[in-house]
Amino acid sequence: MDVPDAADACSRVMDEIGSAVVADREFLERVTLGIIARGHVLLEDVPGTGKTLSARSFATALGLEFSRIQFTPDLLPSDVTGTNVFDERDGSFSFSPGPIFANVVLADEINRAPPKTQAALLEAMEEGQVTADGETHALPDPFYVIATQNPVESEGAFPLPEAQLDRFMIKTSLGYPDEAGEVEILRRRAGRTDRSPTVERVLDPADVADLRAVPETVRVDDDLLAYMASIVHRTREDRRVEVGVSPRGTQRLFEAARANATVAGREFLTPDDVKRVAEPTLAHRLVLTPDATVNDVEKADVIADALDRVAVPTVEPPEA
């Protein structure tokens, strides 16, 4: 699969999901970027905006196995990863996989689980494996986590620590639909007895594996590598920021930017690719100073200022 083929596949996937989910194209593109860039996505939205439907629809359109985990305060790490079960017949233990053993895992309301359970996802999200009682078990490939959290409810919630947030390539939200979108939701609800919104399979697992390899072929000039590094360093020098973007965040910016070029059907990276993914890729990795927090400084504004302060390189398209 080459870049034009990958762009066409991504477009068909997003078109199919858009037939069932009322969401703007930018949201669908951001979730798609996470998939093809081998990252994970955090959705921060109020209840009822379609997060679960979106995750399930992506899994269906991609032809991947889907699993949903409802995070609650009493959820244990073994409830997520699985555990060894004793077999009375032969006196042996065998591993019983948990719900995390799927291609697309929806970690619903992840901030409702205690830190111990949240940490059960760290190894899985970073290394694609689970360790139980000293034994390592590989997760399915591809493996992709879509986590959700409610930003307006704090009772019975455990905010994600910075180390956990840093594991997510992209943080985004659906937001409320516009008035036309709300009308469309009502229209679909009125006709639900005749036809429920459904998503058809567009790709299969082999196609997804090929698709995720395509961004590796996107050409990136040295000037753009320096451009991305300068943006990240600006976040570390900003007086409003206590902890800037980590080197892991720099790599995720690079990977997401290449994925954006792929979705756009380009075989080379441009500054616009970097600008388009900078905020959803970097903002959630920042830790603001107490003064900035009190003054309601937005993390997105810090990223926007960094983009404004760094000189944009000129990139020439490759010769045909």
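For this chain, numbers begin at 1 and follow the sequence in order. Predicted model, so just to flag it, every value in this text is computed and none were measured.
Across all non-hydrogen atoms, the minimal contact from Ala59 to Phe66 is CB-CB, 3.7 Å. A pairwise comparison of heavy atoms in His40 and Arg167 identifies CD2-O, 3.9 Å as the closest pair. Looking at every heavy atom in both residues, Pro99 comes nearest to Val105 through O-CG2, 4.2 Å. For the pair Pro161 and Gln118, the tightest heavy-atom approach, listed with the atom from each and the gap, is CD-OE1, 3.4 Å. The two residues Thr262 and Ala7 make their nearest non-hydrogen contact at O-CB, 3.3 Å. Among all heavy-atom pairs drawn from Val277 and Leu33, the shortest one is CG1-CD1, 3.7 Å.
Classification of Arg285 and Glu162 as a salt-bridged pair fails, no side-chain N sitting under 4.0 Å from a carboxylate O. Ionic pairing of Arg252 and Glu126 is present here: one or more N-O contacts between side-chain nitrogen and carboxylate oxygen are shorter than 4.0 angstrom. A salt bridge links Glu44 to Lys171: one of the charged nitrogens lies within less than 4.0 Å of a carboxylate oxygen.
The backbone N or O of Val214 lies less than 3.5 Å from a partner atom in the side chain of Thr217, making a donor-acceptor pair. With hydrogens and angles ignored, the 3.5 Å screen pairs no side-chain donor or acceptor of Asp221 with any backbone N or O of Asp223. Between the side chain of Thr81 and the backbone N or O of Pro77 there is at least one donor-acceptor pair closer than 3.5 Å. One N or O on the side chain of Asn103 and one on the backbone of Pro142 form a donor-acceptor pair closer than 3.5 Å. With Ser96 contributing its side chain and Thr83 its backbone, the two residues share no donor-acceptor pair below 3.5 Å. At least one donor-acceptor pair closer than 3.5 Å links the side chain of Asn295 to the backbone N or O of Asp291. A donor-acceptor pair under 3.5 Å links the side-chain atoms of Asp207 to the main chain of Asp204, judged by distance alone. With Asp79 contributing its side chain and Leu76 its backbone, the two residues share a donor-acceptor pair below 3.5 Å. Remark: the backbone N or O of Ala226 is paired with a side-chain donor or acceptor of Ser230 at under 3.5 angstrom. Checked by atom type and distance alone, the side chain of Arg236 pairs as donor or acceptor with a backbone atom of Val245 at under 3.5 Å.
His284 contributes atom NE2, which lies 10.0 Å from atom CG of Leu160 (distance to the nearest 0.5 angstrom). Separating the OG atom in Ser57 from the CD atom in Glu200 is a distance of 11.0 Å, to the nearest 0.5 Å. To the nearest 0.5 Å, atoms OH (Tyr227) and CD1 (Ile231) are separated by 4.0 Å. If you take CG on Asp166 and CZ on Arg248, they are separated by 4.5 Å, rounding to the nearest 0.5 Å. Separation of atoms OG (Ser173) and CZ (Arg30) is listed at 7.5 Å; rounding is to 0.5 Å. Once rounded to the nearest 0.5 Å, the distance linking CE of Met169 with CG of Leu253 reads 9.5 Å.
Among residues two or more places apart in sequence or in another chain, the side chain to side chain donor-acceptor pair (under 3.5 Å) test is passed with Gln70 by Arg68, Glu109. Every residue meeting the side chain to side chain donor-acceptor pair (under 3.5 Å) condition with Asp8, not counting sequence neighbours, appears here in chain and number order: Arg12. With sequence neighbours excluded, no residue forms a salt bridge (charged side-chain N to carboxylate O under 4.0 Å, His left out) with Asp2. By the salt bridge (charged side-chain N to carboxylate O under 4.0 Å, His left out) test, Asp15 pairs with Arg25, sequence neighbours left out. Arg234 pairs by the salt bridge (charged side-chain N to carboxylate O under 4.0 Å, His left out) definition with nothing, not counting sequence neighbours. A search for salt bridge (charged side-chain N to carboxylate O under 4.0 Å, His left out) contacts involving Glu216 returns Arg258, not counting sequence neighbours.
Residues Phe168 and Leu121 fall within the same hydrophobic cluster, defined by Ile, Leu, Val, Met, Phe, Trp and Tyr side chains chained together at heavy-atom separations under 4.5 Å. In the hydrophobic cluster analysis, where Ile, Leu, Val, Met, Phe, Trp and Tyr join through side-chain heavy atoms closer than 4.5 angstrom, Leu139 is grouped apart from Leu64. Clustering ILVMFWY residues whenever any of their side-chain heavy atoms sit less than 4.5 angstrom apart, transitively, puts Val145 in a cluster other than the one holding Leu53. One hydrophobic cluster, built from ILVMFWY side chains closer than 4.5 Å, cannot hold both Leu282 and Met125; they sit in different ones. Put simply, Ile100 and Ile146 are part of two different groups of oily side chains (I, L, V, M, F, W, Y) that touch within less than 4.5 Å, one to the next.
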side-chain contact (heavy atoms from CB on, under 4.5 Å) evaluation trace for Asp141 with Phe143
CA-CA 5 Å; Asp141 185 28; Phe143 174 71; 5.8 Å; no

Passes side-chain contact (heavy atoms from CB on, under 4.5 Å), Asn111 versus Phe71? Steps please.
CA-CA 8 Å; Asn111 56 331; Phe71 279 68; over 6 Å; no

Is there a side-chain contact (heavy atoms from CB on, under 4.5 Å) between Leu62 and Val202 once you walk through the steps?
CA-CA 6 Å; Leu62 295 169; Val202 176; over 6 Å; no

Yes or no on side chain to side chain donor-acceptor pair (under 3.5 Å) for Arg240 and Thr289, after CA distance, side-chain angles and deciding distance?
CA-CA 6 Å; Arg240 299 167 293 180; Thr289 64; over 6 Å; no

Residue pair Phe95, Phe101: steps toward the ring pair (Phe, Tyr, Trp, His ring centres under 6.0 Å) verdict
CA-CA 12 Å; Phe95 182 69; Phe101 282 81; 5.7 Å; yes

Does the pair Thr270 and Asp273 meet the rule for a side chain to side chain donor-acceptor pair (under 3.5 Å), with working shown?
CA-CA 5 Å; Thr270 69; Asp273 293 313; 3.2 Å; yes

Test log, rule side-chain contact (heavy atoms from CB on, under 4.5 Å), inputs Glu29 and Thr32
CA-CA 5 Å; Glu29 286 181 356; Thr32 302; 5.5 Å; no

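The local environment of CD in Glu237 is crowded, with over 12 non-hydrogen atoms from other residues, nucleotides or ligands closer than 6.0 Å. The 12-atom threshold is exceeded at CG of Asp74, counting heavy atoms of other residues, nucleotides or ligands nearer than 6.0 Å.
Between Leu211 and Leu203, some side-chain heavy-atom pair lies under the 4.5 Å cut-off. In this structure the side chain of Ile35 reaches within 4.5 angstrom of the side chain of Phe58, judged on heavy atoms. With contacts defined as side-chain heavy-atom distances shorter than 4.5 Å, the pair Asp238/Leu286 does not qualify. Within the 4.5 Å cutoff, side-chain heavy atoms of Glu267 are placed close to those of Pro4. Side chains of Val31 and Tyr144 form a contact here, defined as non-hydrogen atoms less than 4.5 Å apart. Residues Val80 and Leu75 have side chains in contact (heavy-atom distance under 4.5 Å, counting atoms from C-beta outward). Side chains of Glu65 and Pro205 form no contact here, defined as non-hydrogen atoms less than 4.5 Å apart. Taking the side chain as every heavy atom from C-beta outward, Arg266 and Val218 never approach each other to under 4.5 Å.
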